[in-house]
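The structure appears below as structure tokens.
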Amino acid sequence: MEDKIRILIPEDQVNKRISEVADQINEDYAGKSVHLICILKGAVFFACELAKRLTVPVSLDFMSVSSYGSGTQSSGVVRIIKDLDEPLEGKEVLIVEDIIDSGRTLAYLIEILSKRGPKSICLCTLLDKPERRVKKQVTVKYTCFTIPDEFVVGYGLDYDQKYRNLPYIGVVEQ
Ligand code: IMP
Ligand code: MG
């Protein structure tokens with residue numbers, strides 16, 4: 001059976017906002033290189049769109065962690081499925097995430113990645129759901145959209161591995 005999906009943020013708005021955030025990153029990282037860490041799989045669409053708009057030198061690496069089961073509730077357990085290929089020593093690291101919900105995934109990632117000697121480590125997220133934050137210490141430098149406490153899909157985000165390919169951000173109507 002098909003789920004009904006309500007559009008929350010249309011494609012043109014997502015793309016426009018990604019361009020604005022990219023401009024800000026270009027300004028902030030002027031004269032430096034940025035090492036993007038894309039958190040698989042959800043952040044892939046966002047990371048590509050963001051990277052295409054960056055004019056500072058970019059390198060890219062991928063990491064896969066799991067913090068959720070197949071439902072819509074955080075398990076609180078973060079597991080590394082695929083680690084980075086490259087060392088972080090001396091790099092200006094920018095973690096690219098699809099959504100920050102409880103903040104557990106990022107709190108854990110920042111803790112382990114900070115120990116690998118990056119010059120700096122900042123966060124960039126497509127979406128932020130601050131109402132659901134458990135890990136209050138997670139500070140996000142770049143947020144495209146702050147959204148209410150609703151389960152969203154599209155632009156990389158899934159519901160049971162479905163809907164990642166939607167070009168907009170939508171809400172699955174129950
Ligand atoms: P956190 O550890 O609770 O911050 O969860 C972050 C991860 O949970 C994200 O990277 C997503 O994979 C997933 N997630 C949280 N909220 C949503 C949502 O509304 N839709 C799809 N995935 C979500
Ligand atoms: Mg994710």
Side-chain angles (χ1 to χ4, degrees), residues 1-11 13-15 17-18 21 25 35-51 60-85 88 93-116 121-174:
M1 210 181 75
E2 291 279 302
D3 300 297
K4 196 173 168 351
I5 296 172
R6 166 169 54 87
I7 297 179
L8 184 68
I9 312 170
E11 183 177 12
Q13 275 183 39
V14 181
N15 292 336
R17 181 65 188 133
I18 294 174
V21 169
I25 294 171
H35 188 62
L36 300 180
I37 294 181
C38 171
I39 309 301
L40 297 171
K41 306 170 192 161
V44 160
F45 292 72
F46 173 45
C48 292
E49 292 304 317
L50 183 73
L60 190 56
D61 205 347
F62 297 88
M63 191 164 188
S64 180
V65 296
S66 99
S67 58
Y68 272 59
S70 57
T72 61
Q73 284 295 307
S74 171
S75 65
V77 178
V78 180
R79 199 159 50 93
I80 295 186
I81 315 266
K82 183 219 169 287
D83 206 338
L84 298 170
D85 293 332
L88 298 184
V93 170
L94 187 58
I95 300 177
V96 181
E97 219 349 349
D98 51 358
I99 188 165
I100 304 175
D101 188 26
S102 70
R104 286 192 182 99
T105 309
L106 281 171
Y108 173 77
L109 278 179
I110 291 166
E111 189 189 318
I112 58 161
L113 299 181
S114 302
K115 292 180 187 147
R116 300 186 188 180
I121 186 160
C122 290
L123 292 179
C124 178
T125 189
L126 178 62
L127 303 170
D128 188 3
K129 270 195 232 178
E131 283 169 46
R132 306 233 322 156
R133 195 77 88 253
V134 174
K135 297 284 183 183
K136 310 278 184 198
Q137 75 273 26
V138 173
T139 54
V140 192
K141 187 156 182 200
Y142 306 100
T143 301
C144 292
F145 300 96
T146 299
I147 59 164
D149 181 11
E150 287 189 287
F151 195 82
V152 291
V153 294
Y155 226 97
L157 292 136
D158 73 303
Y159 174 63
D160 273 351
Q161 299 303 324
K162 291 181 293 188
Y163 310 123
R164 291 193 195 275
N165 60 311
L166 296 179
Y168 52 82
I169 293 161
V171 176
V172 182
E173 309 267 41
Q174 294 297 329

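The figures that follow rest on heavy atoms only: side chains count, while hydrogens, waters and symmetry mates do not. One-based numbering, in listed order, for ligands and for the atoms of each.
Considering only non-hydrogen atoms, atom 18 (C) of ligand 1 lies nearest to Phe151 out of Tyr159, Phe151, Tyr108. Remark: among candidates Ala107, Gly156, Ser102, the nearest residue to atom 3 (O) of ligand 1 is Ser102, based on non-hydrogen atoms. Selection from Val171, Val153, Val152, Ile100 by nearest heavy atom to atom 20 (N) of ligand 1 gives Val152.
Of all heavy-atom pairs between Lys82 and Leu40, the closest is CD-CD1, 4.3 Å. For the pair Ala107 and Lys135, the tightest heavy-atom approach, listed with the atom from each and the gap, is CB-CG, 3.8 Å.
Residue-level proximity to ligand 1 for Asp158 is carried by the backbone, the only part with a heavy atom below 4.0 angstrom. With a 4.0 Å heavy-atom cut-off, ligand 1 is reached by the backbone of Glu150 but not by any atom from C-beta on.
Of the candidates Ile95, Leu94, Leu88, His35 forms a side-chain contact (heavy atoms from CB on, under 4.5 Å) with just one, namely Leu88.
Checked by distance only, ligand 1 and Leu157 stay at 3.5 Å or farther apart across all their nitrogen or oxygen atoms. In terms of polar-atom proximity, Gly103 is counted as a contact of ligand 1, with an N or O under 3.5 Å from an N or O of the ligand.
Each of the following atoms of ligand 1 lies closer than 4.0 Å to a heavy atom of Thr105: 1 (P), 2 (O), 5 (O), 6 (C). Residue Asp98 has at least one heavy-atom neighbour below 4.0 Å for each of these atoms of ligand 1: 9 (C), 10 (O), 11 (C), 12 (O). Which parts of ligand 1 touch Glu97 is read off a 4.0 Å heavy-atom cut-off, strictly below it: atoms 10 (O).
For Glu111, the salt bridge (Lys or Arg N to Asp or Glu O under 4.0 Å) criterion is met by Lys115, not counting sequence neighbours. Residues satisfying the salt bridge (Lys or Arg N to Asp or Glu O under 4.0 Å) criterion with Glu131, sequence neighbours excluded, are absent altogether.
The shortest heavy-atom distance from Lys129 to ligand 1 is under 4.0 Å.
A salt bridge is absent between Asp98 and Arg164; no separation between the charged side-chain nitrogens and carboxylate oxygens falls under 4.0 Å. The pair Asp3-Lys162 counts as a salt bridge, with a side-chain nitrogen and a carboxylate oxygen less than 4.0 angstrom apart.
Other residues, nucleotides and ligands contribute at most 12 non-hydrogen atoms within 6.0 Å of the NZ atom of Lys4.
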